[in-house]
Amino acid sequence: MKTPHTRIHDVLKHGRPGQEVTVKGWVRSRRGNKQVQFIALNDGSCLQTIQIVVDLQTIDAETLKAITTGACIRADGMLAASPAKGQNVEIQARELKMYGSADPANYPLQKKGHSLEFLREIAHLRPRTNTFGAVLRVRSVMAYAIHRFFQQRGFVYLHTPIITGSDCEGAGEMFRVTTLDAKTPPLNEHAAVDFSQDFFGRETALTVSGQLEGELAALALGQIYTFGPTFRAENSNTARHLAEFWMVEPEMAFYELPDNMDLAEEFLKYLVQTALDDCSVDLEFLSAHYDADLFERLRSTDGVAFERLSYGDAVELLKKSGKNFEFPVSWGCDLQAEHERYLVEECCKRPVILTDYPRAIKAFYMKGNDDGRTVRAMDVLFPRIGEIIGGSERESDHAALLQRMREMHIPEQDLWWYLETRRFGSAPHSGFGLGFERLMLFITGMANIRDVIPFPRTPKNASF
RNA sequence: UCCCCAGUAGCUCAGUCGGUAGAGCAGGUGGCUGUUAACCACCGGGUCCGUGGUUCGAGUCCGCGCUGGGGAGCCA
C-alpha cells in the first residue's frame with residue numbers, strides 16, 4: 001500500500017542504510033551543539049523514537065530552533081547505520097518541515113517523567129507520552145484479540161442496545177436518557193415526571209449490561225458475544241471503577257457452568273498469551289516503570305490450571321486460614337476484597353474460579369442448584385485486581401425464573417420478552433462478563449483504571 | 001457514599017518552633033564536533049487550592065468548601 005510517509009516502526013524494523021525515507025511525527029527531544037544536533041522523533045507507531053541527525057551546514061539554525069519538544073515535523077533524509085549506541089539506524093536529515101510548533105514555555109509535557117495524576121489532567125496530550133502510547137497500543141491489540149478469539153470459534157458479534165428501557169438489569173444505578181426539559185419536565189396526575197411525553201415515550205437509560213439481549217441472540221445463533229460501552233452511575237471512587245467502561249459478554253446456548261468456566265479460562269489465557277507475544281516492547285517499558293513483577297504475574301496465569309473452588313469450600317478455607325480479617329467470614333456473606341485477595345494471592349497462588357454462590361447474594365437470572373440455596377454462578381478472581389469476570393449458567397426454566405423474579409421483586413411485565421425465551425424453545429445456556437479495563441489493568445500492570453482508558457469517565461469528571 | 005492523606009514555581013517536591021518562600025528538573029541566554037531524559041555556566045519565574053477565623057504576624061494553627069490520591073463499599 002502506498003502511504004504518504006513511512007511509519008517509524010517500519011523504518012526501525014525493515015529500514016536499510018542508504019534508503020531514502022520520509023518520517024512524520026512529534027519531537028520528543030532535541031540536543032547537540034552548533035555543528036550537529038539530534039532529534040528524537042516518535043509517531044506513535046511504536047514505543048521507540050528514531051534519531052534524526054541534523055548537520056547544521058545542511059539545515060539552517062532558524063529552522064532548527066523551532067523544533068522543540070512537542071513540535072510536529074516531517075523529516076526527509078537517508079537512512080544510515082548509527083555509529084553510536086542506542087540505535088541501529090538513524091536518519092541523516094536532508095530537509096525538515098514544520099507542521100506545528102509547540103511553544104516550549106507552555107507545552108506541558110517535558111522530557112522528564114510526569115506523574116500519572118498530572119497526566120490525567122491533560123488527557124488530551126497524554127497519548128503523546130511513552131506510557132500512554134504503550135497502554136493504548138496494548139489496548140488496541142487486546143480489543144482485536146477479543147474479536148479474533150470469538151470469531152475463530154464461530155461466535156457471532158452482537159450489537160446490543162446502548163439505550164435501554166429496562167431499568168431492572170440488576171447491575172447498578174443507571175444514567176437516565178431524556179430529551180425532557182431538565183427544569184420543568186411535564187408532570188402526570190401524580191405530580192411525577194410524565195415520561196410518556198419523553199422521546200421514547202417511556203423512561204430510558206444507558207445500558208448497564210447487554211446480557212439479557214445477549215441471551216435472546218444466543219437462543220437463536222448459538223454462541224454470541226458483545227463488546228461495547230457500558231455505563232454505571234454508581235458513585236464509585238476507586239482505582240477499579242469507571243462510569244463508562246467497555247465490557248465483553250459472551251453468551252452460549254447449550255453451555256453449562258463447567259463449559260462456561262472452561263471458556264472463560266481459555267479466553268483469559270489466550271489474551272495474556274497474545275499480549276506476551278505481540279506487545280513485548282510496550283510491556284517491557286510498562287514493567288520497567290510501573291510494575292517489576294508484571295511478566296511474572298502474566299506468566300503465572302499461563303501454564304497453570306485455574307483453581308476451581310465452590311463458594312462453600314472457599315468459606316471453609318478462609319475460616320481455617322487463621323487470618324484476622326477485618327470482615328469475619330461465614331456462609332452466606334459476600335466475600336470482601338481482602339478475602340478474594342487471600343484466596344488468590346496467598347492460598348492458591350493462581351487465578352481462582354469461585355462457583356455456586358448463595359442465591360441470596362446473586363442476580364435473579366442465575367440458575368439454581370438442586371440444594372435450593374446456591375446458584376450456578378462463577379467469578380474469576382485474578383491476582384492484584386480481584387474479580388475480572390463474573391458469570392453464570394442462566395435459569396432456563398420458565399416457572400423457576402418467574403418465581404425467582406417475583407421473590408426478588410423484579411417487574412416481570414418489563415421483561416416479558418426475556419421470559420418468552422423460556423416459553424418458546426428454551427435451552428440451557430451460560431455466559432459471563434469481562435470488564436475490558438480490568439483486563440487492561442492486569443495486562444499492563446497499571447494500578448489505576450483511569451490510566452488504561454483514553455478518556456476516563458468517573459464521578460465529577462467528564463472532561464475531554 | 002464512608003475513613004485516611006495531600007494541595008507551595010510549568011513539573012516533582014522541601015519549607016524546622018507561626019516571623020512575607022527554596023531545590024532539582026523544565027524555560028531563557030551563552031558555551032560545547034556524535035548526543036542518548038546530553039552536558040556546563042548564568043538568568044528569569046510564586047493568587048503557597050478557595051474562603052472564613054485565631055494571632056502583632058499564617059505556607060505553617062482552627063472551621064467550612066473545592067480538587068486530587070489511597071483504602072472500603074457497590075461491581076466488571
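Throughout, a chain's letter reflects where its sequence line sits, starting with A, and its residues are numbered from 1. These numbers come from the heavy atoms of this one structure, side chains and all, not from hydrogens, waters or symmetry mates.
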Does the structure show a Watson-Crick or G-U wobble partner for [N], both distances under 3.5 Å? Name it, or say none.
N	result
rU67(B)	rA6(B)
rU12(B)	rA23(B)
rG57(B)	none
rU1(B)	rA72(B)
rU29(B)	rA41(B)

- Message: Both conditions, 6.0 Å and 45 degrees, for the charged tip of R153(A) above the ring of F149(A): are they met here?
- Response: yes
- Determine if the base of rU47(B) is syn or anti; take syn to mean the glycosidic torsion is within 90° of 0. anti
Could you state the atom-to-atom distance from [atom1] of [X] to [atom2] of [N] in whole Å?
X	N	atom1	atom2	answer
N461(A)	rG68(B)	CG	P	6 Å
K34(A)	rC40(B)	NZ	P	19 Å
W26(A)	rA37(B)	CH2	C1'	21 Å
I52(A)	rU35(B)	CD1	C1'	14 Å
I50(A)	rU35(B)	CD1	P	19 Å

- Item | Selection: residues 241-253 of chain A, any non-hydrogen atom under 4.0 Å of RNA chain B | H241(A), L242(A), F245(A), M247(A)
- Task: Test H429(A) against Y255(A) for ring pair (Phe, Tyr, Trp, His ring centres under 6.0 Å), laying out the working first.
- Result: CA-CA 5 Å; H429(A) 63 289; Y255(A) 275 51; over 10 Å; no
- Task: Determine the interatomic distance between C1' on rU12(B) and the same-named atom on rG69(B); round to the nearest Å.
- Result: 15 Å
Would you mind checking if [Y] and [X] are paired as a salt bridge, meaning a charged N to carboxylate O distance below 4.0 Å?
X	Y	value
E173(A)	R232(A)	no
E265(A)	K269(A)	yes
D451(A)	R126(A)	yes
E395(A)	R376(A)	no

Checking all strands, does [X] fall into the base, sugar-phosphate, or nothing category for heavy-atom contacts under 4.0 angstrom?
X	value
G433(A)	sugar-phosphate
R450(A)	sugar-phosphate
E387(A)	sugar-phosphate
P104(A)	sugar-phosphate

- Can the ring centres of F150(A) and Y225(A) be said to be less than 6.0 Å apart? yes
